[in-house]
Protein chains: 2
Amino acid sequence: MATRTGRSQRRTDALSRERIVEAAVELLDTSGESGLTFRALTERLATGPGAIYWHVANKTELLDAATDAVVAAALAVRPSESPGSPQDEVRAVALGLFEATEEHPWLAAQLATQLSRNPSGTVAPRIFESLGRQVRALGVPEGHWFTATSALMHYVLGAAGQNAANTGSARALGPGTGRAEFLDAVSTAWEGLDPGDYPFTRAVAGQVRDHDDREQFLAGIDLVLTGITALSPPREASPAEKPSRRGGAGRYPPPDE
Amino acid sequence: MATRTGRSQRRTDALSRERIVEAAVELLDTSGESGLTFRALTERLATGPGAIYWHVANKTELLDAATDAVVAAALAVRPSESPGSPQDEVRAVALGLFEATEEHPWLAAQLATQLSRNPSGTVAPRIFESLGRQVRALGVPEGHWFTATSALMHYVLGAAGQNAANTGSARALGPGTGRAEFLDAVSTAWEGLDPGDYPFTRAVAGQVRDHDDREQFLAGIDLVLTGITALSPPREASPAEKPSRRGGAGRYPPPDE
DNA sequence: GTTCCATTGGAACGGCGTACCAGAGGGGCC
DNA sequence: GGCCCCTCTGGTACGCCGTTCCAATGGAAC
């Protein structure tokens, strides 16, 4: 592998797997998933396909590397010393992924695809480990570690995916006010559903219009955390504080744009 | 199947959008996501691309239609008269989707992609409605309906996606015993992770080897249900039974292959 | 100075989704 | 019954994609 840390070769700006992945992420961010082509990549890097294929096996590996890089960055932002409760730590990790899918709308679908292609890759254990440590810190019995952490991870991935969906669609409507317009459109669409087939969905259509994504995401996290902490004490009420909505998370005020 | 219609000009077996979608689902099931091409479709239906494009706008719409058809079928299997508790109903709906992603390994990634492309399509409200009715039946205050149902849906989608991942990879190893071998491979891979970076993941590697997918999925559902039912009674213990693991769900024995 | 080889970039290939089109059939009108 | 028109068909062609192959480059080793 090109671990050769040599200096400038032919090009002054050495081509490296790292630079290629970085360019791929930028391309994905600006042009969407279909915007990442080897031709666009060769143009941006001012090179040819052969040079890229020297560092990367194929497009699948390139997508996996881009996904892994973004996830790793999202999980690495943990502030070095923030001795919050395990619940707060879970919220921080989850919010990191949540925000990553907001910044990179292609991430959610890519995560699903990558997990289904190669579940033993690096990205799943990375997330699993970050969440699992906090589950352990919550005092969950060891026999439930796997189940509890999996449930948490599944919720986070599902919710992040949904949010990426909304964010992407809102962006399509235009920046700035796009999000409000998008929620209004969804709300209106739901209100227009068949009353016989979709009574419940119609009933909550109004709640869609003015909910806050982060708050809703964190509320879901707290639902799962409530279920997980209920696993801890076989008897006697839990001494650990029960998760309260937005508890101690003043660090993440909703972006009141 | 492609009835060998000699060189008949006008076909007797009418081509319809329904037949095309059906063929697309079969193609996806047998050959995976990359197996669905218009060329393969024209061959299987013994026709040309133009005929298909007359009924379907493009490949994206075809994929959406296939996804929608499969999800609709999965949600339609509700036994007409099964007056179980709301918890049991939630489990039944969730298991329907879970099993659909097992039978159609391409479904999970496709759901994520479709939701991110067009969140106001038919598939999201369909799932949302099925789950939401049970949330309402649980006695959740109306102000929490949207949050609770969303959390449930996100967990189900995330977990189903993960399971499809595992199922797909297990199938690649071969039918029958493939699943046990796959779990063993993942478990071994996790045990081989860096002890400094992945202490938790290594610690639960053993639990991976012999867990049951459905049981784990239902346990996660129950975690979320516990959190949701905790929303119901501002005071006084819930009169409804608290969700117990596998409570009353003897209908779904683990497939002890 | 010569050799070597890791690296580069361009040309070419097969397959994909899709646009386009010449016609075939059958139902509605006379 | 004859005609026409409009729905529907299946073939051909195009442009872009991922990928392969290969001649050429130029610093490093001797």
Side-chain angles (χ1 to χ4, degrees), chain A residues 1-25 27-28 30-67 106 110 113-114 117, chain B residues 1-25 27-28 30-67 106 110 113-114 117:
Chain A
M1 179 45 84
T3 52
R4 187 103 183 130
T5 60
R7 61 288 269 152
S8 66
Q9 312 277 15
R10 208 159 331 173
R11 309 164 55 105
T12 54
D13 51 343
L15 199 58
S16 67
R17 182 184 165 99
E18 197 174 83
R19 267 174 49 79
I20 293 174
V21 170
E22 184 186 350
V25 170
L27 229 35
L28 285 166
T30 57
S31 316
E33 194 163 344
S34 63
L36 176 61
T37 68
F38 273 82
R39 279 165 177 77
L41 213 48
T42 58
E43 191 178 0
R44 175 179 271 255
L45 294 171
T47 181
I52 296 177
Y53 271 92
W54 178 255
H55 296 277
V56 172
N58 49 44
K59 190 175 183 182
T60 298
E61 186 185 303
L62 180 58
L63 273 169
D64 285 358
T67 304
W106 48 273
Q110 200 45 233
T113 312
Q114 180 175 350
R117 194 168 41 229
Chain B
M1 194 44 182
T3 59
R4 171 156 157 44
T5 64
R7 193 55 207 143
S8 71
Q9 298 289 356
R10 196 71 168 183
R11 46 189 317 136
T12 53
D13 50 345
L15 200 56
S16 67
R17 182 185 166 98
E18 196 174 82
R19 269 173 48 80
I20 293 174
V21 170
E22 183 187 351
V25 170
L27 228 36
L28 284 167
T30 58
S31 316
E33 194 163 346
S34 63
L36 177 60
T37 68
F38 272 82
R39 281 164 176 79
L41 214 47
T42 57
E43 191 179 357
R44 175 178 270 256
L45 294 172
T47 180
I52 296 177
Y53 270 93
W54 178 256
H55 296 277
V56 172
N58 50 43
K59 188 175 182 179
T60 297
E61 188 186 301
L62 179 58
L63 273 169
D64 286 358
T67 304
W106 49 273
Q110 199 46 234
T113 314
Q114 180 175 350
R117 192 168 44 229

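Every chain is numbered from 1, with letters handed out A, B, ... down the list of sequences. Since we're looking at a predicted model, the values are computed, not measured.
Atom CZ in B:R19 sits roughly 14 Å away from atom C1' in D:dC8 (whole-Å rounding). Atom CG in A:L15 sits about 13 Å away from atom C1' in C:dA6, given to the nearest Å. If you take CG of A:L63 and C1' of D:dG18, they are 12 Å apart, rounded to a whole angstrom. The nearest whole Å value for the distance from the CD atom in A:E33 to the P atom in D:dC17 is 14 Å. Atoms CZ (B:F38) and P (C:dT18) sit 5 Å apart, rounded to a whole Å. Distance, A:L41 CG to C:dT8 C1': 15 Å, rounded to whole Å. Regarding B:E43, its CD atom lies at a distance of 14 Å from the P atom of D:dG10, rounded to whole Å. If you take CD1 of A:I20 and C1' of C:dT8, they are 11 Å apart, rounded to a whole angstrom.
Comparing A:R39 and A:I52 against DNA chain C, the residue whose closest nucleotide sits nearer the 5' end is A:I52. Both B:G50 and B:K59 sit near DNA chain C, but only B:K59 has its closest nucleotide nearer the 5' end.
Contact record, A:A66 with A:V25: CB-CG2, 3.8 Å, taken as the closest heavy-atom pair. Taking every heavy atom of both residues into account, A:F38 and A:I52 meet most closely at CE2-CG2, 3.6 Å.
Atom OG1 of B:T30 sits about 9.5 Å away from atom CG of B:L36, to the nearest 0.5 Å.
Other residues, nucleotides and ligands place no more than 12 heavy atoms under 6.0 Å from the CD atom of A:E18.
Among the heavy atoms of the strands, none lies under 4.0 Å from B:L62.
Nearest to the side chain of A:P49, among C:dG9, D:dT9, C:dG10, sits C:dG10. With distances taken from any side-chain atom of B:A51 to the nucleotides D:dT19, D:dT9, C:dG17, the minimum falls on D:dT9.
Taking side-chain N and O atoms only, A:H55 has a distance below 4.0 Å to OP1 or OP2 of C:dT8. Look at B:W54 and you won't find any side-chain N or O under 4.0 angstrom from OP1 or OP2 of D:dT9.
A 4.5 Å side-chain heavy-atom check between A:Q114 and A:L63 finds every atom pair outside the cut-off.
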